[in-house]
Amino acid sequence: MLLRIPQALQPDELAQVRQLILAADWTDGRITAGSQSGAVKNNLQLPEDLPAAQQARHIVSRALARNPMFVTGALPKSVYPPLFNRYGGASNYFGDHIDNAVRTHAATARHVRTDISCTLFLSEPASYDGGELVVQDTYGEQRIKFAAGDLVMYPGTSVHRVEPVTRGERLACFFWIESMVRADAQRRLLYEMDMAITALREKEKVQVARGAAESAEIVRLTGCYHNLLRMWADV
Ligand code: NI
């Protein structure tokens with residue numbers, strides 16, 4: 001499932017994150033690459049222990065935790081602390097690769113299985129040429145270039161690349177999620193069901209506000225959602 005989360009960062013948070021990371025010292029992006037991806041990776045990355053990276057990461061993590069669409073789409077069990085990258089000038093692309101299956105956080109030695117890959121766009125699309133995130137899935141290639149502040153999540157199993165940036169600069173935040181529900185197809189079913197129940201609930205909200213009980217169908221569907229989650233979740 002490829003999911004767009006609009007305005008994962010509010011404009012003031014976006015401005016703060018950009019200001020923090022633009023002033024920091026960047027390094028070669030191969031610091032976190034595996035041997036296959038390292039051979040095709042040519043970008044800049046913010047060392048994760050820099051104070052600016054820590055502050056920016058905190059802003060992003062706080063924004064994600066309060067976002068219901070993020071939580072219901074990912075069902076996160078563990079999130080790898082967000083990282084930041086920069087494409088432009090001579091360091092401007094990342095060729096086809098699949099992200100490592102397990103990331104180990106250096107500071108905590110915690111493992112995160114990368115069920116879901118996320119990119120949070122931090123540059124307005126009109127400010128740079130190229131830089132599309134191209135994700136291969138069973139429906140063909142998806143070319144993704146979202147507004148600054150928007151986030152895309154896609155299965156960690158996908159081959160993907162970032163096209164060369166030929167003008168301007170593409171700043172982004174990226175990270176991985178280990179989900180309580182490992183299989184993408186199961187997460188997708190749960191997401192669809194959750195969205196449908198939310199829409200039904202929206203239709204009934206006027207009557208419920210006047211004191212009526214929720215319909216028996218909503219109660220039963222909500223029960224099915226939780227019983228499926230109970231069957232599939234690993235917490
Ligand atoms: Ni990647």
Side-chain angles (χ1 to χ4, degrees), residues 1-9 14 17-18 21-22 26 28-34 36-46 48 56-57 60 63-64 67 69-70 73-74 76 79-101 103 112 114-179 184 187-188 191:
M1 173 170 65
L2 198 146
L3 192 62
R4 178 181 192 163
I5 300 186
Q7 290 206 298
L9 285 186
L14 174 65
V17 167
R18 285 181 53 92
I21 64 175
L22 279 169
W26 293 73
D28 190 308
R30 277 169 285 214
I31 48 175
T32 56
Q36 185 275 322
S37 57
V40 293
K41 188 173 186 183
N42 178 24
N43 67 358
L44 296 177
Q45 209 163 297
L46 209 55
E48 60 181 80
R57 195 153 62 225
V60 171
L64 295 176
N67 189 308
M69 195 173 169
F70 175 80
V79 179
Y80 191 92
L83 299 165
F84 298 89
N85 60 19
R86 185 171 192 169
Y87 294 81
S91 303
N92 65 357
Y93 69 90
F94 194 167
D96 277 333
H97 65 283
I98 288 188
D99 296 339
N100 289 359
R103 315 272 342 179
V112 175
T114 57
D115 299 326
I116 302 170
S117 297
C118 294
T119 295
L120 171 55
F121 290 83
L122 300 174
S123 296
E124 285 302 343
S127 70
Y128 61 99
D129 289 334
E132 294 87 356
L133 170 66
V134 181
V135 179
Q136 293 177 19
D137 77 9
T138 48
Y139 294 96
E141 281 192 350
Q142 308 289 321
R143 301 180 67 83
I144 302 157
K145 190 171 178 177
F146 289 163
D150 288 9
L151 179 144
V152 61
M153 56 170 84
Y154 57 97
T157 50
S158 318
V159 172
H160 59 278
R161 66 176 179 272
V162 175
E163 297 280 45
V165 171
T166 55
R167 176 187 63 90
E169 191 169 66
R170 175 197 193 268
L171 288 172
C173 171
F174 65 104
F175 55 96
W176 300 274
I177 301 165
E178 179 172 330
S179 177
D184 183 63
R187 277 198 310 277
R188 183 180 192 133
Y191 177 76

Less than 4.5 Å apart, side chain to side chain, heavy atoms only: is that true for [X] and [Y]?
X      : Y      : answer
Asp150 : Arg4   : yes
Phe146 : Leu133 : no
Ile144 : Leu2   : yes
Arg18  : Leu171 : yes
Leu83  : Gln45  : yes

Do Ile5 and Asn67 pass the side-chain contact (heavy atoms from CB on, under 4.5 Å) test, and can you show the C-alpha distance, the side-chain angles, and the key distance before you say yes or no?
-> CA-CA 9 Å; Ile5 300 186; Asn67 189 308; 3.5 Å; yes
Does the side chain of Ser117 come under 3.5 Å of the side chain of Asp99 through a donor N or O and an acceptor N or O?
-> yes
Does the side-chain contact (heavy atoms from CB on, under 4.5 Å) test come out yes or no for Gln36 and Asp96, once each step is laid out?
-> CA-CA 9 Å; Gln36 185 275 322; Asp96 277 333; 5.9 Å; no
For the residue pair Phe174 and Trp176, categorise the inter-ring angle as parallel (less than 30°), tilted (30 to 60°) or perpendicular (more than 60°).
-> perpendicular
To the nearest 0.5 Å, how far apart are [atom1] in [X] and [atom2] in [Y]?
X      : Y      : atom1 : atom2 : answer
Phe121 : Lys145 : CZ    : NZ    : 9.0 Å
Leu9   : Leu64  : CG    : CG    : 7.5 Å
Thr114 : Ile177 : OG1   : CD1   : 10.5 Å
Gln136 : Ile98  : CD    : CD1   : 8.5 Å
Tyr87  : Asn92  : OH    : CG    : 10.0 Å
Phe175 : Arg103 : CZ    : CZ    : 14.0 Å

Check ion pair Glu163-Arg170 (N to O, under 4.0 angstrom) | no
Look at Glu48 together with Arg57 and state whether they make a salt bridge at an N to O cut-off of under 4.0 Å.
-> no
Does the side-chain contact (heavy atoms from CB on, under 4.5 Å) test come out yes or no for Tyr154 and Cys118, once each step is laid out?
-> CA-CA 7 Å; Tyr154 57 97; Cys118 294; over 6 Å; no
Please name the residue in the list Leu44, Thr119, Asn43 that meets the side chain to side chain contact (heavy atoms under 4.5 Å, CB included) test with Asn85.
-> Asn43
Short side-chain to backbone donor-acceptor contact, Asn42 and Ala90, under 3.5 Å | yes
Exercise: identify the closest heavy-atom pair between [X] and [Y]:
X      : Y      : value
Ala148 : Leu122 : CB-C, 3.9 Å
Ala56  : Phe84  : CB-CZ, 3.5 Å
Ser158 : Val135 : CB-CG1, 3.6 Å
Pro6   : Met69  : CD-SD, 4.2 Å
Ala74  : Arg187 : O-CD, 3.8 Å
Tyr139 : Asp137 : N-OD1, 2.7 Å

Within 45° cone and under 6.0 Å: Lys41 NZ/CZ vs Tyr93 ring | no
